[in-house]
Amino acid sequence: MLWIFFLLWTACAECAECPAQDVQMMIQLDRNHQSPCGDAVPWPCDNDVVASFPLQVINQFDLLDENETSAAACNAGRGTAQIKRLNLENGVYTTLCNIPGRCLNACGIHPQTNLMYCNERPGSDNLVRVDCNVSVADLEARQLAGTLGAYVPVNGSLCFLGRLQNTFAANLDLDGNYWLKSNDDDFGNQGGALFRITNATLNTLTPGSTSPFTPPTLRIPGARNNNVVVGRQFLARIADLNAVKFDFGPTLGVGEQEYVVGCWSNLVYVQQVSGVLTNANLITLEMDGVSPGPGGQGNSRASGAQWLFNGSIYCAYNDGTSGVVQVLLNETTLDSTTSGTVKAGQVSSSQGTTSNDGMNCLLADSPFGPITTTTSTTTQGGGRGDPHIHTLGGEHYLLLGQGSFSFWRFSGVDAETLSGNMWKKAPVDIQIYAHYSGHQSWTKGLLLVDQSGHQGYGSRALELTSEDCRWRSKVPGGTSWYMVDEAKLISDGDAMTAFKLVQSESQKMHVEFLMKTQTGWKNIGKLYAACKAGHHINMKMTMFSKEDINRVQGQLGLVHQSEYLIGGGAGLLETDQSRRADQEFLLHKDWVALGGSTGASVYLQETDEDGPAVLKSCSETERAIARELCVKFLGSPEKTLPVRSFEEIMEECVF
């Protein structure tokens, strides 16, 4: 029972004085607490893949009838707290861990210990440690393979640590302090009152209990009625919160301070909670760029789950239509000390939820892409094995060339990540080399090389040849290569860029090109490769930003310096198709010197042919036979497809 007296001392240490009745309350401590909890189970924030999961606790209820409330079901042990992960592809939540017989809210993950904390609500209003022993290897493999929806959830357990205020909105900050908001009537017209349980206090709440603490046991130090840090009327609206350190500049004139931030409808409420709070008024920011939370009855304006990934704020709305909205606090315009606007935009869909709360690994990279705005675009470029090149700028030509070419190069921008209190930068330089062989310039090899930052030339590489159509990756810092037959993130531990092989529904892997930004991982583009073993490769590059497209060099770039060799027609095509040699992109280096493998280099040399690349003209009979086959498979042009575009497709098929 020594732990009981230790908890008694901790509680009294924060009080100006402890009345005798409080001492009696602490000594009683609910005599049912005979079995302390087992070993704590941290959430796997040390795994880069799992750490980036946007998590929600969503409570499910077994109601006796339509008149029973969810709170009654939880109090009767007929609720289940389900810890779920958001699928960014479809907005659906997949269950990873169940807590049978309990309901949870006000959750967060400690940034130093990776321990998960929640409030048992509806229920005892106890701070609990949540222990979920998930299979990290299985989660990572399924996430990379796109099969996480088939994951079999585990059952977790709770360790009760002490009484809280009635709260459904809480989170931890980067210093490990647990911030919570209560709308309890004890605080009168203050509306939403903010409390802080310090990191030091959290560390004393051990070993805990397997059953809840009940009155007259005192609340945890920092969560008592006289521990209110600040109270503001409209804080009552927020259903979840984040705590961040930020400097709003000369308009506030208080330097860097800590703020509690919460979304509600199209508003972001920001409350200073450090420094001098005498004149620290609530700041109300209106979102610029998106208007989530359509209004109406109930919680349709609520953002019940909010996340903070490496300094980036995200709000998931409960209505099922507003999705996940990123709030760019560094793009705030203050009109006064209490109002302004903030740049925001949707980054993902999210299914409708209720009785829910968000949490995540605070130091992890964001899994979300950039904000969707009206200036964003999706543009494709590529090359077919029979040398048709479509640039990102809309040009279309036939390649007359053999050898290794610069197909796509992305550079001229810095990747960024937060290192301590400073933004660390590294120049991005990623290339795709294509090798064309034979008199008809068939695409025989692709080499993806990442030369970003100060990693050294060719330290990260992926390779695909038409010899066996299997992706290979170079061992970091070495010269050996290995097969990549499943989805995989190829990145060093502290890398600013990465290749991500993703298994698509067609079971063919595509490659995503990632770079770190101040808002987390950004998807620069996707490379799709269709390979016919023993023959050739077709490839397509998709990009999402006009600004990024303007940085592209190589064959897919917007500007070509070389002249067209020959105009269209000339017995080759019936359209105005042009032909080029692309000498400006021809690289006079061996495949190995570019960063490729020796085995691929040997294969590509064997496929090369002597003499210049030429395009053999077909006889009229051959063309007629080819057109008959193409008509059979292409059919007639769709009504929405321009006739000219259809004819170009037809002529490529005939060719």
Side-chain angles (χ1 to χ4, degrees), residues 3-4 6-8 10-11 14 22 25-38 40-41 43 57 59 61 70-83 97-110 113 115-132 155-172 177-184 186 193 195-199 201-225 227 240 355-357 359:
W3 67 276
I4 294 179
F6 181 72
L7 183 59
L8 166 63
T10 303
E14 189 164 319
D22 283 356
M25 292 177 186
M26 294 300 297
I27 291 176
Q28 291 177 22
L29 265 185
D30 222 349
R31 290 194 174 102
N32 293 328
H33 295 175
Q34 301 298 320
S35 301
C37 306
V41 181
W43 187 256
V57 172
N59 296 308
F61 314 104
S70 57
C74 287
N75 288 325
R78 287 181 281 100
T80 297
Q82 298 182 329
I83 298 174
C97 180
N98 291 314
I99 312 294
R102 302 290 184 180
C103 299
L104 301 176
N105 216 307
C107 298
I109 299 176
H110 198 288
T113 64
L115 295 178
M116 186 180 292
Y117 294 97
C118 295
N119 179 29
E120 194 205 10
R121 184 189 188 276
S124 64
D125 281 320
N126 266 229
L127 180 68
V128 297
R129 188 190 74 221
V130 184
D131 295 331
C132 284
N155 281 348
S157 61
L158 300 182
C159 182
F160 293 84
L161 302 175
R163 293 179 58 220
L164 288 176
Q165 295 286 343
N166 178 0
T167 180
F168 52 80
N171 212 332
L172 287 105
N177 303 309
Y178 180 82
W179 288 91
L180 64 101
K181 183 216 69 167
S182 178
N183 294 351
D184 198 294
D186 288 348
F195 297 80
R196 182 186 67 165
I197 299 174
T198 66
N199 182 38
T201 298
L202 283 179
N203 291 333
T204 67
L205 302 178
T206 54
S209 170
T210 55
S211 57
F213 294 91
T214 59
T217 307
L218 292 179
R219 291 189 175 110
I220 294 172
R224 300 172 183 170
N225 288 0
N227 296 142
D240 200 5
S355 188
N356 60 307
D357 193 74
M359 60 180 163

Taking all heavy atoms of [X] and all of [Y], pick out the closest pair and write down the distance.
X      : Y      : answer
Cys74  : Pro122 : CB-O, 3.4 Å
Cys37  : Arg129 : CB-NH2, 3.9 Å
Phe61  : Cys103 : CE2-SG, 3.8 Å
Tyr178 : Asn119 : OH-N, 4.3 Å
Gly123 : Asn75  : CA-OD1, 3.2 Å
Val57  : Ala81  : CG1-CB, 4.1 Å

Point-to-point distance, once rounded to the nearest 0.5 Å, from [atom1] of [X] to [atom2] of [Y]:
X      : Y      : atom1 : atom2 : value
Asn177 : Leu172 : CG    : CG    : 8.0 Å
Arg121 : Asn166 : CZ    : CG    : 4.5 Å
Ser355 : Leu104 : OG    : CG    : 9.5 Å
Leu115 : Trp43  : CG    : CH2   : 13.0 Å
Tyr117 : Leu127 : OH    : CG    : 7.5 Å
Asn105 : Asn356 : CG    : CG    : 7.0 Å

* **Residue from Val41, Asp131, Ile83 passing side-chain contact (heavy atoms from CB on, under 4.5 Å) with Met116** =>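 With Met116 as partner, Val41, Asp131, Ile83 yield a single side-chain contact (heavy atoms from CB on, under 4.5 Å), made by Ile83.
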
* **Where at least one partner belongs to residues 155-170, residue pairs that pass salt bridge (Lys or Arg N to Asp or Glu O under 4.0 Å), sequence neighbours excluded** =>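 Matches after skipping sequence neighbours: none remain.
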
* Asked: Taking side chain as C-beta onward, heavy atoms only, is Ile99 less than 4.5 Å from Cys132?
  ->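 Contact flag for Ile99/Cys132 side chains = yes.
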
* **Arg219 and Asp125: CA distance, side-chain angles, deciding distance, side chain to side chain contact (heavy atoms under 4.5 Å, CB included) verdict** => CA-CA 10 Å; Arg219 291 189 175 110; Asp125 281 320; over 6 Å; no

* **Candidate pair Arg102 and Asn59, rule side chain to side chain contact (heavy atoms under 4.5 Å, CB included), full reasoning** => CA-CA 9 Å; Arg102 302 290 184 180; Asn59 296 308; over 6 Å; no

* Give the intermediate values and the outcome of side chain to side chain contact (heavy atoms under 4.5 Å, CB included) for residues Val130 and Cys107. => CA-CA 9 Å; Val130 184; Cys107 298; 5.8 Å; no

* Ignoring hydrogens and angles, tell me if any N or O in the side chain of Thr167 forms a donor-acceptor pair with the backbone of Ser182 under 3.5 Å. =>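 A pair under 3.5 Å: no.
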
* Asked: Quick one: does Glu120's side chain have a donor or acceptor within less than 3.5 Å of a partner on Asn126's backbone?
  ->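 Not confirmed, Glu120 side chain does not pair with Asn126 backbone.
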
* To do: Show the numbers, then the answer: is there a side chain to side chain contact (heavy atoms under 4.5 Å, CB included) between Leu202 and Leu161?
  => CA-CA 9 Å; Leu202 283 179; Leu161 302 175; 5.6 Å; no

